[in-house]
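Everything on this sheet refers to the single structure shown next.
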Amino acid sequence: MFGLGKKNTGRRKRAKQLRTSADEAQWRTLLRRVGWFPVAVWVVFFALMMLVSSAGEPALPYTVNQKIGQPIAARVDFKVLDAELAASNIRAARESVPNYYRVNTELIDRIAGDLTEMFEAAQANTFEDFKKQMEPQGWKVDEGLYEHLHGADAIRRKSFTQSIDLLKRDLAKEHTARPTAQVDRDPPSKALDVIVTRPAEKEGESETVERVPKIELVQIGSTLIEYRAEKLASNFERGLRSAVAAYLANVLSQDPILVFDRTATLEAMAAAEKAAPPGEKLFEKDKPFVFPRAYVGSDGIDRGEEAGLTRSDIELLEKEAAAYQAFLSSDKPEAIKLRAQRFYETIGVGMVLCVLTLSLFVYVGLYHPRIFEVHARTLAFTGLLLGCLIAVRFVDQRFALTPVLLVASILTIAYPRRFAAGVTVIFVVVVAVVIRADIGTMVTLFACGYATALMLNEIRTRTKIITAGTITGAIAFFTAFAFGMIGHQELPFALRAAAFAAANALLAALIIQGALPFVERGFRVATALTLLEYRDANRPLLQRLAREAPGTYNHALVLGTMSEAACKAIGADGLLAHVGALYHDIGKILKAEYFSENQQAQINRHDHLAPTMSLLIILGHVKDGLELAREYALPRVLYPFIAEHHGTTLVRYFHHVASEKQPRIASGRHDREVAEAEFRYPGPKPQSKETAVLMLCDGVEGAVRALPDPTAGRIEAIVHQVLQARLKDGQFDECDITLRELHKVEESIVKSLCTFYHGRVTYPKDTKDSSRSDSTRDSARAPASKQLAG
């Protein structure tokens, strides 16, 4: 029993070691496959992603007209400058300023002058003369007044002068003024006092400023004027008092002693306005400050429905968010605690982003490792994703759809559709985490990004991108509108949000439409639209090929049709294969006469060359083709068709010729065997399904063209023979084509060749022409025995 237990323990240990070693082997294989540079780039990418995620303030999750189900409470105490309250404080400060008055010294001097003139007029010879002088001035005179003042001596003159001086002093202390309603100021004063500036009583003294209760002011036209006039007239002799009182009552009823000082009042109001409180409204922590609003119709009646947030509500929410961010930066204990909570939140976000980043790294390494093979390509890929994150993070969240669709479009244009769709799905989750998106935004981003990746697989027309953008816009509209209804938003608000999302999709399509050439150049890809342009027979390089190597040009046309049909049979890019076939032999332009399809009059230039020299010419058309491709700025996606369409196959004809020219020994065998490696193309072998298909089409087309009677059975046998030869030679070892796909390619090639080289009906001919026909047919077959590889 103990031995059995030890045996089981040993088995478990060995199984654990095997599992550990298997896991380590997978990681090591992945790292060895992608290298350390992509790992370093991805670490930097994760660090920058964390920086973007934590930088700046979180976006406000509210918009105008959005409904809220419950009141929003303040997270901290904050003050807001209330414009209405500020205006009210300013008005109150201006209203609190009392009216400023100054003593009307001109009126007092005029009164003194009138009294003096009356005294002098009383010195007239007759009462009638006195009356004529004083009645026009409003005086009510009688003979008693005349008798009292007439014939005054120096003593009476001095007494009268003293009375006038006393009157002037008393008038300067009077408070008669115009009614407050007639004062020219805005707003009216609500102060209980007025400020009166009185002149100096004696020379050398300064003016005096006195605060007088407003209740003591006597309005002109008031009944109190007569009382004040009688009191002022008491400074005169008894016989003069009634006449002086009547005169004063008349004058003071028209002109006030206190005159409103507008300049001083406005200066005091300006100073009070400057010192007025700023009008800040305090909102306390944990108390609601934004409430759901009731919808009120144009008739002012409450409809009992919930209305959305207003612009003022949004501004209030923004100020609360700014106050909260400022509070977090303080040294208060609560702020320190909140910063700790945010730190833990950042750690959680970082863990999620780490998992997503690692998933994206593994996904790229497993399904499209070519991104990691070139450093510039790795940097471009990560830069594209990081640029989108920055755009989404620091712009309005309502615009988040446009950068995401741009990324999905560029990835689909530059890489296979399935790979682009997978990257888009992972990246949408990353974006949702970075911007803290709600479920509605996340689903909209996911649906639109995935739809874009599916529809932009092949761009054959200029309207394809706009069409895809329109369809994506419809999806965005439908999704955003649906979540608006789920959130119980008003119909106009949901429609506006949905229309905005659709406009974002159309904007992304327009940007991609204009930036398509730069995307192709930056990622070194060619869309179907570009390939269609290069398939045009009027392209300069194709015209040169047709003019200088017509046989090669016809051969390329046949291969283009065959390759496209075969690629479509296995789901590969038929258009790319077609265009690649048109340009795969452009290197033959420089030495067209050395290739059998371009030779005329049965002249073979290789008959006078050594096999090694002929081999250099044959192999050179690959290098010459790449140089011409660079010279004519062909898309880089066509370069593999030039370099890989022969792979590392053997130039069999010249290898045979070289072997036959070797000296023989006595036994009849050659002195040495010529190594096949010396007569093979430099490669590389086909790296894609499209170049592999072109290799097969190129091999079988030349062989079938050499058949004297290309029946369907012979064509099928030749195609199968060439396919097996390429397969055994290992030419398909570096591409991902399967045996099932090779079988479909074989069927498609046979069908295409049977169409091109179908049998013809033999027409009866005259006996005298039979010998001529036989000789012509023999001469046509002669060069077929010397078909040159390549």
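All values below were derived from every heavy atom in this structure, side-chain atoms included, with hydrogens, water molecules and symmetry-related copies excluded. When a residue number appears, it is its place in the shown sequence, counting from 1.
In this structure, the ring of Y363 has its center less than 6.0 angstrom from the ring center of F419. Ring centroids of H646 and H621 are separated by less than 6.0 Å, placing the two rings close together.
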Run the side chain to side chain contact (heavy atoms under 4.5 Å, CB included) check on E690 and V693 step by step: do they pass? CA-CA 5 Å; E690 290 80 9; V693 169; 5.9 Å; no
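To the nearest 0.5 Å, atoms CG (L385) and CG (L411) are separated by 6.5 Å. For the atom pair CG (L507) and CG (L406), the distance works out to 7.5 Å, reported to the nearest 0.5 Å. A distance of 12.0 Å separates OH of Y450 from CD1 of I475, quoted to the nearest 0.5 Å.
Using a 3.5 Å distance cut-off with no hydrogens or angles, the side chains of T552 and D585 do not pair a donor with an acceptor. A donor atom on one side chain and an acceptor atom on the other are not found under 3.5 Å apart for R539 and Y632. Side chains of Q731 and T648: a donor-acceptor N/O pair is present below 3.5 angstrom, by distance only. A donor atom on one side chain and an acceptor atom on the other are not found under 3.5 Å apart for H720 and E716.
Although no hydrogens or angles enter the test, the distance criterion places a donor-acceptor pair under 3.5 Å between the side chain of S748 and the main chain of A566. Of the possible polar contacts, one joining the H645 side chain to the I642 backbone as a donor-acceptor pair under 3.5 Å is found. Here the side chain of E644 pairs a donor or acceptor atom with the backbone of Q687 at under 3.5 angstrom. For T691 (side chain) and P640 (main-chain N/O), no donor-acceptor pair under 3.5 Å exists by modelled atom type. In this structure, D438 contributes its side chain and T441 its backbone to a donor-acceptor pair below 3.5 Å. Listed for the K464 side chain is a donor-acceptor partner under 3.5 Å among the backbone atoms of M455. A side-chain donor-acceptor contact under 3.5 Å links T738 to the backbone of E741. Here the side chain of D573 pairs a donor or acceptor atom with the backbone of L576 at under 3.5 angstrom. Judged by distance alone, with hydrogens and angles left aside, the side-chain atoms of R417 form no donor-acceptor pair with the main-chain N or O of A453 at under 3.5 Å. A side-chain donor-acceptor contact under 3.5 Å links R436 to the backbone of V434.
Residues V622 and P682 have side chains not in contact (no heavy-atom distance under 4.5 Å, counting atoms from C-beta outward). Counting heavy atoms from C-beta outward, L545 and K588 have side chains that stay 4.5 Å or more apart.
Using a 4.0 Å cut-off between a side-chain N of Lys or Arg and a carboxylate O of Asp or Glu, R705 and E701 qualify as a salt bridge. Of the charged side-chain nitrogens involved, none lies within less than 4.0 Å of a carboxylate oxygen, so that R726 and D729 do not count as a salt-bridged pair.
C448 and A476 make their closest contact through SG-CB, 3.4 Å (heavy atoms, listed as atom of the first residue, atom of the second, distance). Between A581 and L694, the closest heavy-atom pair is CB-CD1, 3.6 Å. For the pair K568 and G574, the tightest heavy-atom approach, listed with the atom from each and the gap, is CG-CA, 4.4 Å.
When each of F37, Y367, W42, F381 is tested with F372 by the rule ring-ring contact (aromatic ring centres under 6.0 Å, His included), just one qualifies, namely W42.
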